Amino acid sequence: CAVLMTVQLGLLDRQHAAVAIVLGDIVSQPFFAHLRTEQQLGYLVRGGLAEARGVYSLSLVVQSSVATPSHVTNSMHEFLNATMSQILADMEQSEFDDYVGSAQQRLLQMPKSLSEEGGMLWARVADGSLDFHRQQELAKLLSNGTVTLDAVRAMPQRTLQRPSAA
């Protein structure tokens, strides 16, 4: 089976997009470690941030030949609601700073090919923003200290909270 779970974070302003980038980086490795290494649910396990037309999402994928779709989905929910919350709660400032620095470096990295550069530019044409300096501006936000560990901790809590009964 294969399960793709998308948790839409929304159409985010620059500040919240920078927070989402760091959150996506933080989620990636523990998601793999928890579902692939510890639970051994499948060969293909990945998680991270996706962006399309300015809408940011956590994208989680598990392909498994040993578990049912229901089991995989439950494990993904458990990761998001318990494991990820614990990882963020236990994170030290120095570890968080490493994630921020890494994200900033990646955003400032020059494209390795004309095709890669064209893809980055085309995304801004396709979403109608013509915002060709987005990467640099997000990197600047990461460097000025406005992206905090508390802001990253709050994003999944706000997004994943269950709706209250009316």
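For clarity, every value in this text was computed on a predicted model and none was experimentally measured. Computed over heavy atoms, backbone and side chain alike; hydrogens, waters and symmetry mates excluded.
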Inset, instruction - Carefully, step by step, assess Ser57 and Leu9 under the rule side-chain contact (heavy atoms from CB on, under 4.5 Å). - result: CA-CA 5 Å; Ser57 305; Leu9 302 173; 5.6 Å; no
Inset, instruction - Starting at CG of Leu23, measure out to CZ of Arg153 and round the result to the nearest 0.5 Å. - result: 12.0 Å
Inset, instruction - Evaluate the side-chain proximity of Val3 to Val61: yes if any heavy-atom separation is below 4.5 Å, no if none is. - result: no
Inset, instruction - Looking only at non-hydrogen atoms, find the nearest pair between Ile21 and Ala103 and report the distance. - result: CG2-CB, 3.9 Å
Legend entry - CG-OH distance between Leu142 and Tyr99, expressed to the nearest 0.5 angstrom: 14.5 Å
Inset, instruction - Before accepting this row, confirm whether a basic side-chain N of the pair Arg124/Glu117 lies closer than 4.0 Å to the acidic partner's carboxylate O. - result: no
Inset, instruction - Indicate yes or no for a side-chain donor-acceptor contact from Gln40 to the backbone of Arg36 under 3.5 Å, with no hydrogens or angles considered. - result: no
Legend entry - Enclosure of Tyr43 OH (heavy-atom neighbours >12, cutoff 6.0 Å): no
Inset, instruction - Answer yes or no: is there a side-chain heavy-atom contact under 4.5 Å between Ile26 and Met91? - result: yes
Legend entry - Side-chain heavy atoms of Val27 within contact of Phe79, under 4.5 Å: yes
Legend entry - Student check: side-chain heavy atoms of Leu12 and Met155 closer than 4.5 Å: yes
Inset, instruction - Output the distance between atom OG (Ser59) and atom CG (Leu4), rounded to the nearest 0.5 Å. - result: 5.0 Å
Legend entry - Point-to-point distance, once rounded to the nearest 0.5 Å, from CD of Glu78 to CG of Leu35: 8.5 Å
Inset, instruction - Measure the shortest side-chain to side-chain distance between Phe96 and Val147 over non-hydrogen atoms and say whether it is less than 4.5 angstrom. - result: yes
Legend entry - Approximate separation, where rounding is to 0.5 Å, of Lys140 NZ and Leu138 CG: 12.0 Å
Inset, instruction - Output, in order, the C-alpha distance, side-chain angles, deciding distance and verdict of side-chain contact (heavy atoms from CB on, under 4.5 Å) for Val125 and Phe132. - result: CA-CA 9 Å; Val125 171; Phe132 302 121; 4.0 Å; yes
Legend entry - Shortest non-hydrogen separation from Leu60 to Met76 and the atoms involved: O-CE, 3.3 Å
Legend entry - Distance-only side-chain donor-acceptor flag, His34 / Glu38, under 3.5 Å: yes
Inset, instruction - Just do the side chain to side chain donor-acceptor pair (under 3.5 Å) check on His71 and Asn74 with the steps written out, would you? - result: CA-CA 5 Å; His71 179 77; Asn74 287 339; 5.9 Å; no
Inset, instruction - Verify whether one side chain among Ser75 and Gln39 offers a donor that lies under 3.5 Å from an acceptor in the other. - result: yes
Inset, instruction - Tell me, yes or no, whether the heavy-atom count around Arg53 atom CZ, taken from other residues, nucleotides or ligands under 6.0 Å, exceeds 12. - result: no
Inset, instruction - Could you tell me whether the side chain of Arg14 reaches within less than 4.5 Å of the side chain of Leu141, counting heavy atoms only? - result: yes
Inset, instruction - Would you please say whether a donor-acceptor pair under 3.5 Å links the side chains of Thr146 and Gln15? - result: yes
Legend entry - Taking every non-hydrogen atom, the tightest pair across Val72 and Cys1: CG2-SG, 4.0 Å
Legend entry - Contact check, side chains of Arg106 and Asp25, non-hydrogen atoms, under 4.5 Å: yes
Inset, instruction - Kindly give the heavy-atom pair with the smallest separation between Gly54 and Asp127, and that separation in Å. - result: N-OD2, 4.1 Å
Inset, instruction - Give the C-alpha distance, both sets of side-chain angles, the deciding distance and a yes or no for side-chain contact (heavy atoms from CB on, under 4.5 Å) between Leu88 and Val152. - result: CA-CA 8 Å; Leu88 291 171; Val152 172; 4.0 Å; yes
Legend entry - Shortest non-hydrogen contact between Phe31 and Gly47, atoms and distance: CD2-N, 3.7 Å
Inset, instruction - Is it possible for you to say whether Trp122 and Leu114 belong to one hydrophobic cluster, with membership spreading through side-chain heavy-atom contacts below 4.5 Å? - result: no
Inset, instruction - Assess whether atom CD of Gln93 is packed by more than 12 heavy atoms of other residues, nucleotides or ligands within 6.0 Å. - result: yes
Inset, instruction - Find out whether Val62 and Thr73 are in side-chain contact, i.e. whether some heavy atom of one side chain is under 4.5 Å from a heavy atom of the other. - result: no
Legend entry - Arg134 CZ to Leu107 CG distance, which is reported to the nearest 0.5 Å: 11.0 Å
